[in-house]
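Reviewing the structure listed below.
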Amino acid sequence: MIKIQHGLLFSLRGFAAGLAAFLALAAHAPQALAQDYPAKPIRLVIPYPPGGGNDTLGRIVAQRLSTALGQQVFVENKPGAGGNLGTEQVAHAKPDGYTLTLGFVANLAMTPHMGKVNYDPVKDFAPISMVAQGYQILVVNPAFPARTVPELVALAKAKPGTLNFASGGNGSPLQMSAELFKIAAGIDIMHIPYKGSTPAAAAVISGETQMVFGGVVSSLPFVKSGRLRALAVTSPTRIEAAPDVPTMTELGYPSVVASSWYGLFAPAGTPPAIIARLNREMVALGKNPEHRAQLEKQGQEAVYSTPEELAAYVKAESAKWGRVIKTAKIEAE
């Protein structure tokens with residue numbers, strides 16, 4: 001029989017007791033962390049310049065989160081490289097819950113397929129919740145001979161390569177919606193990029209170009225005044241703001257569902273308890289009628305999700321737009 005000395009036995013018992021105490025403390029650590037968070041201001045990085053749609057939405061979210069969390073959430077604009085610079089900075093930031101970003105469909109599901117970016121949209125971020133989404137509306141110049149999507153498709157097939165569409169720039173979400181439509185309809189329409197969605201819409205109004213997938217809120221005033229004609233929306237169902245405009249799905253193109261979506265993200269490795277706390281606040285925010293009405297005025301629909309749902313959505317969107325980019329042979333400029 002092996003004999004254990006009294007001193008060694010005492011040491012082993014002490015170690016076991018210490019280990020049990022440590023494990024008990026560790027089991028309660030996530031709850032304590034969530035209770036203490038946040039203990040200082042939080043930085044919300046917007047990877048675009050001040051004044052645009054991303055910035056406006058980010059400031060709305062920051063203001064409401066500041067109230068909910070009891071700590072200031074301040075917006076920090078980090079524009080550059082089409083939004084990739086700020087996105088990259090958050091990907092490599094300290095994962096302590098004090099640096100967040102408003103992730104955008106372009107930077108997380110599109111541009112990574114068009115060239116080298118210094119972040120992995122799946123591995124480098126911890127999803128928190130969906131925030132908002134908005135859809136596009138296909139509008140044409142009133143003088144354009146096609147008055148419906150079927151007529152447009154027939155005209156494009158009869159004269160391949162002669163029709164054109166405007167977009168907010170090479171690789172922009174507006175171009176992606178058009179490319180998705182081109183693939184689904186099997187048509188060839190020439191792309192004419194502009195420096196932003198506003199110049200693109202102006203080009204269609206003036207007759208310089210023939211069509212554009214524009215934002216719903218920015219396009220509808222021109223539709224109502226007769227300066228543009230609406231043919232279809234890229235939403236799954238008809239939108240309340242334009243109930244007479246059919247969806248692409250209704251017209252026989254169920255794959256042409258495209259949204260400009262936003263989600264709240266932290267750097268990968270952020271403690272789960274902090275992610276859970278932020279998710280609870282974002283879910284409550286997404287259900288807030290005042291917040292929903294405020295976003296509706298901006299042309300956005302307030303949405304929310306679990307972190308797991310957002311992670312799955314990013315992967316699905318990345319695969320979808322990756323196929324479009326490969327098929328259309330789109331490269332970053």
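This is a predicted model, so every value here is computed, not measured.
- With hydrogens and angles left out, the side-chain atoms of Asp96 and Thr270 include no donor and acceptor closer than 3.5 Å.
- No donor-acceptor contact under 3.5 angstrom links the side chains of Ser66 and Gln72, judged on distance only.
- The six-membered or imidazole ring of Tyr313 lies near that of Trp261, with a centre-to-centre distance under 6.0 Å.
- The environment of Glu317 atom CD is dense: over 12 non-hydrogen atoms of other residues, nucleotides or ligands sit within 6.0 angstrom.
- Remark: the Ser260 side chain and the Gln133 side chain contain no N/O donor-acceptor pair separated by less than 3.5 Å.
- Considering only residues two or more places apart in sequence or on other chains, Arg59 meets the side-chain hydrogen bond (donor to acceptor under 3.5 Å, both in side chains) condition with Asp55, Asn77.
- Under the 4.0 Å criterion applied to side-chain N and carboxylate O atoms, Arg64 and Glu281 are not assigned as salt-bridge partners.
- For the side chain to side chain contact (heavy atoms under 4.5 Å, CB included) with Thr101, the lone residue among Val90, Asn107, Leu108 that qualifies is Val90.
- Note on Leu278 and Val283: separate hydrophobic clusters, where clusters join Ile, Leu, Val, Met, Phe, Trp and Tyr whose side-chain heavy atoms are under 4.5 Å apart, directly or indirectly.
- Considering Val131, Ile46, Val73 in turn, Val131 is the only one that fulfils the side chain to side chain contact (heavy atoms under 4.5 Å, CB included) rule with Val61.
- Thr247 and Arg238 share no side-chain donor-acceptor pair at under 3.5 Å.
- In this structure, the ring pair (Phe, Tyr, Trp, His ring centres under 6.0 Å) partners of Phe165, at least two apart in sequence or on a different chain, are His191.
- One side chain, Glu208 or Tyr194, offers a donor N or O that lies under 3.5 Å from an acceptor on the other.
- A side-chain N or O of Glu179 and one of Gln175 form a donor-acceptor pair less than 3.5 Å apart.
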Kindly indicate, with the supporting measurements, whether the criterion side chain to side chain donor-acceptor pair (under 3.5 Å) is fulfilled by Asn279 and Tyr304.
CA-CA 9 Å; Asn279 176 262; Tyr304 54 88; over 6 Å; no
Evaluate the side chain to side chain contact (heavy atoms under 4.5 Å, CB included) criterion for residues Val314 and Phe265: first the C-alpha distance (whole Å), next the side-chain angles of each, then the deciding distance (0.1 Å), finally the verdict.
CA-CA 11 Å; Val314 170; Phe265 295 83; 3.8 Å; yes
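- Ion pair Glu76/Lys78 flagged as a salt bridge, since at least one NZ, NE, NH1 or NH2 atom sits closer than 4.0 Å to an Asp/Glu carboxylate oxygen.
- Within a 6.0 Å radius of CD in Glu331, other residues, nucleotides and ligands contribute 12 heavy atoms or fewer.
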Throw together a table of side-chain donor-acceptor distances under 3.5 angstrom for residues 146-153, partners on residues two or more places apart or in other chains.
| residue | atom | partner | partner atom | Å |
| --- | --- | --- | --- | --- |
| Thr148 | OG1 | Glu151 | N | 3.2 |
| Glu151 | OE1 | Arg147 | N | 2.7 |

